[in-house]
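Read through the structure below, which is laid out as structure tokens, and then see the notes.
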Amino acid sequence: METQAPLPLVKINAEGEIKAWTREASSLFPEASLLMELIEEGSREKFNNILMQQQIVRGAEINIYSRDGGAVLCSIFASPVEEGWEVAFAPLSDSYHKVSSRLLTLQTRLSETNFELYEKSEKLQHVVKRSDKLSGPFIELTENMALIPLFGDLTVEKLTAIEEQALQGSYYSQPERILIDFTGVGTVDEEGVQKFSGLVLVFQQMGIKIVLIGLHPSHARVLAPVRSELEVEFDHSAKTAVEKWLRLEKEEEGYEKTSVDSLSIWK
């Protein structure tokens, strides 16, 4: 064997005992009597399998212990010789480790970023849901009348959020009439129309009369397919509608009071 070979080169017998090595090998690797002592534990099984399956090994990558106690990734080149093997090691550039380290760092950062994005997504969903609820507050005007002013584009998600608090408010306050104001509404998508229609029908089943106010021509066209299903009243302005129904309530209250007083006279 050439002792002056430029690469770390060792000669082993059939039992894996090191019989000779080059100067490069002795300067790179720690002292050892067996080749397997130089190979990192995690690579030993791989190395054995390579030697058993191949007569000549070209470029298989194995981790080898270095003299400083670390490990060096090497490409190995082995060929059988009389009474053993000659094995040459070509240390790979440390750029491999740098790239591996960078990839690991990027993967860690990516995982952290994904988690941060998930948290922000959760917060954003919470904000959107809260915004949807605020886009249709349930407002008690009197004991018998409530107002739901709608804002923004009406989607299924927004109407679902509005429906929850509207039904809860109407259950506790038991109004006779609810004014639903479309003045601040932008667009209403097709699924939103069906959702809104379902909400109105629920109110009607609860015995609540519905008044739609502030409808734009575009809203009227979108609601046209379900208009025949809904027994609702319409008014152009929120101001006039509120004044109208407040006045009617006062008149009804006055009529009831007069009726009661008249009955008391006859007793």
Side-chain angles (χ1 to χ4, degrees), residues 1-133 155-158 160-161 164:
M1 185 180 66
E2 295 292 338
T3 59
Q4 300 300 322
L7 288 176
L9 182 71
V10 298
K11 183 176 181 180
I12 59 174
N13 61 17
E15 286 73 33
E17 296 175 337
I18 299 175
K19 294 303 181 180
W21 52 9
T22 62
R23 185 180 303 168
E24 289 289 333
S26 62
S27 64
L28 180 62
F29 304 139
E31 294 183 4
S33 57
L34 297 174
L35 177 60
M36 200 59 69
E37 295 175 358
L38 298 178
I39 299 174
E40 190 181 44
E41 290 185 9
S43 298
R44 290 176 182 175
E45 183 177 355
K46 177 181 178 181
F47 181 75
N48 272 333
N49 291 336
I50 290 172
L51 290 185
M52 287 188 295
Q53 294 175 8
Q54 302 179 37
Q55 289 294 320
I56 298 177
V57 181
R58 293 187 177 89
E61 295 182 357
I62 297 292
N63 285 315
I64 308 297
Y65 287 121
S66 62
R67 183 172 286 276
D68 62 7
V72 179
L73 182 65
C74 297
S75 289
I76 63 169
F77 300 85
S79 57
V81 295
E82 187 179 354
E83 299 181 354
W85 291 78
E86 284 184 351
V87 184
F89 301 88
L92 298 178
S93 170
D94 61 353
S95 60
Y96 169 84
H97 299 283
K98 291 179 181 178
V99 171
S100 177
S101 177
R102 288 177 183 174
L103 285 175
L104 181 61
T105 302
L106 288 173
Q107 288 175 346
T108 302
R109 180 56 186 157
L110 182 60
S111 298
E112 293 173 353
T113 302
N114 286 340
F115 183 72
E116 290 171 1
L117 289 174
Y118 174 77
E119 287 186 324
K120 289 181 179 179
S121 175
E122 288 286 307
K123 291 179 181 178
L124 181 60
Q125 289 179 9
H126 176 74
V127 170
V128 170
K129 188 173 182 179
R130 179 171 174 76
S131 175
D132 286 344
K133 286 184 176 182
T155 62
V156 173
E157 293 77 15
K158 180 175 288 187
T160 299
E164 180 181 348

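Along the sequence shown, the residues carry numbers beginning at 1.
Here the straight-line distance linking atom CG of Leu34 with atom CD1 of Ile18 works out to 7.0 Å at 0.5 Å rounding. Expressed to the nearest 0.5 Å, how far CD of Glu24 lies from CG of Leu9 amounts to 10.5 Å. Atom-to-atom distance recorded for Leu38:CG and Arg44:CZ is 9.0 Å, nearest 0.5 angstrom. Lys19 contributes atom NZ, which lies 14.5 Å from atom CD of Glu86 (distance to the nearest 0.5 angstrom).
For Arg67 (side chain) and Glu31 (main-chain N/O), no donor-acceptor pair under 3.5 Å exists by modelled atom type.
The shortest heavy-atom contact between Ala32 and Glu37 is CB-OE1, 3.3 Å. Heavy atoms only, all atoms of each residue included: Ala90 and Phe77 are closest at CB-CE1, 4.0 Å. Minimum heavy-atom separation, Pro91 to Cys74: CA-SG, 3.8 Å. Trp85 and Pro80 make their closest contact through CE3-N, 3.6 Å (heavy atoms, listed as atom of the first residue, atom of the second, distance).
Contact check for Asn63 versus Ile39: no side-chain heavy atoms found under the 4.5 Å cut-off. Looking at heavy atoms from C-beta onward, Phe29 lies out of side-chain contact with Val72 at the 4.5 angstrom threshold.
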- request: Please test Ile76 against Phe47 for side-chain contact (heavy atoms from CB on, under 4.5 Å), starting from the C-alpha separation and ending with a verdict.
  value: CA-CA 9 Å; Ile76 63 169; Phe47 181 75; 3.6 Å; yes

query: Are Leu73 and Glu61 close enough, and set up right, to give a side-chain contact (heavy atoms from CB on, under 4.5 Å), and what steps lead you there?
result: CA-CA 7 Å; Leu73 182 65; Glu61 295 182 357; 4.0 Å; yes

- request: Go through the steps for Glu41 and Tyr65 under the test side-chain contact (heavy atoms from CB on, under 4.5 Å), then give the verdict.
  value: CA-CA 9 Å; Glu41 290 185 9; Tyr65 287 121; 3.9 Å; yes

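No option in Val57, Leu35, Ile62 other than Leu35 meets the side chain to side chain contact (heavy atoms under 4.5 Å, CB included) test with Val87.
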